Amino acid sequence: MIPSTVSTIYKYSILGLVFVIASPFYGATLGVLVLVFFCWFYFRDYKNLVSALFQPHIAIPVLLYLIVFIGAFFADDRREALSSLSTKLPFLLFPVIVGTSSIVSPQLIRRAANLFIIAISLSLLIALAYALVDVYVTGEKLIQIDESFYKKWKWYGLTRIFPNWHPTYVAVCVNLAIAIQFQNVLNVPDRNKKKTLLITTWMFAFLSVCIVLVNSMIGVACYFFILLYTGLLFLKHFKVKSIYRLSLLCTLGIGAFAFFYFNPLNIQKLNDLKYQEVKITDTQGERNLLTMRMAKWKAYTDIIENNLVLGVTEGDIKDVRDSVYITEGYQDLHRYNYNAHNQYLEVFAMYGLIGFLLFLYMLASPFFPKSWHPLLPPFIIITGLSFLTESILQRQQGILLFMALYALLTNPKAVEEIQAG
């Protein structure tokens, strides 16, 4: 095959990879990655692998997968252990293939980032259109999903059109799309600035509405953090004095506090937080999004205390936490066997202190070089904050999203080109 043809396929397969992970069709990600692998192999990018294995952005995810692999031999639940080997395969595949790809460049990442915006925006437009048509046709505004009722244009009612399209993970994508939009404005040539500003304004308004509609409180918190981060970037870009940067910090801080405290949109989750007693419980009628998570976190801290160094392995975590839920009297948590809804606790409980420190190092290590991709900080801010209330990497949607973007944004060839430029 002609090298130029393979090169084109290589580029478009990377672009396709980013498009599907931002869409509800993320299940096709590994299929697209197979195409990327064949191009990676054709161009002999595997020659970069030996040296790359000494770089943290490759070595740490590989070591985490090695912990999963070794843990599978010591787990009592062999079926879950074997399942974890495939679930956590992105720890290995994306850094090794995408992280060492010679086709990745700042220009390719820019195109991929714009496709990311298109994918999540188009998906949300389809979901909203479906919800509004459904309301118009049926005359019913509510829909029952499992045991709960939702408005058809919000939360699980909005995302129900696509299977396993979790609202919090959608919020992660929306916040990333907002961060990309702001980055585009900073880097746009003067001749295209008016057009870009107009498109960004409309897209920002649409995506801001979507953050509210997906009803993820950590998503709203990330939204304010991204506004703060990008606002400070803009002020620095235009050489604005430090006093005005501090004013922006205070203004956004007060604005965020006012939003969560006064709840102008009358979000039920915030009302529950405000008026219900704060106590560790999973009991219906007494719990809210915080107190129920506190019950999960308490159970996980018990697991960590008893398995501090090595953890309980990924294969056994479900059985172990279910046993703790029963012991603690958390009947609803036992019924559904919820995970921790905190990725840090999840990693600590499964992989022990060693795995937990490796995980933290994986998040921090891309910032140790002198230069990094400008989208990396907002990516780590959004996902790092989301890890506080969601076990993002325990679902296919989350681990594919995180590891694909992590590998792309830490690709050393692209980072070197940014540094050289």
Side-chain angles (χ1 to χ4, degrees), residues 3-4 6-22 29 32-33 35-62 90-119 176-177 179-189 229-230 233 362-383 400-421:
S4 60
V6 181
S7 177
T8 301
I9 295 172
Y10 204 176
K11 290 177 182 178
Y12 279 100
S13 59
I14 293 284
L15 295 174
L17 193 68
V18 173
F19 186 88
V20 295
I21 64 167
T29 301
V32 179
L33 188 62
L35 187 58
V36 177
F37 170 76
F38 282 118
C39 297
W40 177 83
F41 191 80
Y42 178 89
F43 279 103
R44 299 181 181 180
D45 287 342
Y46 52 81
K47 290 184 176 180
N48 303 324
L49 190 55
V50 175
S51 59
L53 284 174
F54 292 95
Q55 300 180 33
H57 73 282
I58 304 289
I60 303 305
V62 171
F91 274 142
L92 180 65
L93 294 182
F94 285 106
V96 166
I97 299 173
V98 178
T100 61
S101 171
S102 61
I103 205 70
V104 175
S105 65
Q107 295 76 22
L108 184 66
I109 294 177
R110 190 178 306 116
R111 292 176 64 189
N114 289 330
L115 275 176
F116 188 95
I117 298 172
I118 293 171
L176 283 171
I180 294 167
Q181 284 279 319
F182 284 128
Q183 194 64 48
N184 286 345
V185 172
L186 281 175
N187 296 322
V188 69
Y229 174 78
T230 53
L233 274 186
M362 182 178 77
L363 298 179
S365 63
F367 298 105
F368 292 159
K370 294 180 180 179
S371 179
W372 54 75
H373 195 280
L375 288 178
L376 186 65
F379 169 69
I380 295 297
I381 289 171
I382 293 165
T383 54
L400 290 174
L401 171 69
F402 179 81
M403 289 311 305
L405 294 182
Y406 180 87
L408 191 66
L409 296 176
T410 57
N411 181 285
K413 180 177 176 294
V415 173
E416 287 171 8
E417 287 185 28
I418 290 173
Q419 188 174 8

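The analysis underlying the following values was restricted to heavy atoms, covering all of them including side chains, and did not include hydrogens, waters or symmetry mates. The model shown is predicted, which means the values in this text are computed figures rather than measured ones.
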Exercise for the section: Give a yes or no on this: more than 12 heavy atoms of other residues, nucleotides or ligands lie within 6.0 Å of atom OH of Y12. Expected result: no
Problem - Flag if over 12 foreign heavy atoms under 6.0 Å of NZ, K413 - result: yes
Exercise for the section: Would you check if there is a donor-acceptor pair between the side chains of Y10 and S101 at a distance under 3.5 Å? Expected result: yes
Problem - T100 and N48 side chains, donor-acceptor separation under 3.5 Å - result: no
Would you mind reporting whether [Y] and [X] have side-chain heavy atoms less than 4.5 Å apart?
{"X": "F182", "Y": "L233", "value": "no"}
{"X": "H57", "Y": "P412", "value": "yes"}
{"X": "F379", "Y": "T410", "value": "no"}

Exercise for the section: Using modelled atom types only, decide if a donor and an acceptor are shared between the side chain of N411 and the backbone of V98 within a distance under 3.5 Å. Expected result: yes
Hey, could you give me the [atom1]/[atom2] distance between [X] and [Y], rounded to the nearest 0.5 Å?
{"X": "K11", "Y": "I9", "atom1": "NZ", "atom2": "CD1", "result": "12.5 Å"}
{"X": "I381", "Y": "L376", "atom1": "CD1", "atom2": "CG", "result": "9.5 Å"}
{"X": "L108", "Y": "L408", "atom1": "CG", "atom2": "CG", "result": "7.0 Å"}
{"X": "L176", "Y": "Q181", "atom1": "CG", "atom2": "CD", "result": "12.5 Å"}

Practice task
Could you label the plane-to-plane angle of the W40 and Y46 rings as parallel, tilted or perpendicular, counting under 30° as parallel and over 60° as perpendicular?
Solution key: perpendicular
Mind listing the closest non-hydrogen atom pair of [X] and [Y] along with its distance?
{"X": "S365", "Y": "Y406", "result": "OG-OH, 3.8 Å"}
{"X": "S13", "Y": "V32", "result": "O-CG1, 3.3 Å"}
{"X": "F19", "Y": "L115", "result": "CD1-O, 3.8 Å"}
{"X": "Y229", "Y": "P377", "result": "OH-CB, 3.3 Å"}
{"X": "A414", "Y": "P106", "result": "O-CG, 3.6 Å"}
{"X": "A404", "Y": "I21", "result": "CB-CD1, 3.8 Å"}

Exercise for the section: Apply side-chain contact (heavy atoms from CB on, under 4.5 Å) to the pair L405 and T383, showing each step before the final yes or no. Expected result: CA-CA 11 Å; L405 294 182; T383 54; over 6 Å; no
Practice task
Give me the one residue out of V20, I14, L17 that meets side chain to side chain contact (heavy atoms under 4.5 Å, CB included) with L33.
Solution key: L17
Practice task
Assess whether side-chain contact (heavy atoms from CB on, under 4.5 Å) is satisfied between L401 and F116, documenting all intermediate values.
Solution key: CA-CA 11 Å; L401 171 69; F116 188 95; 3.9 Å; yes
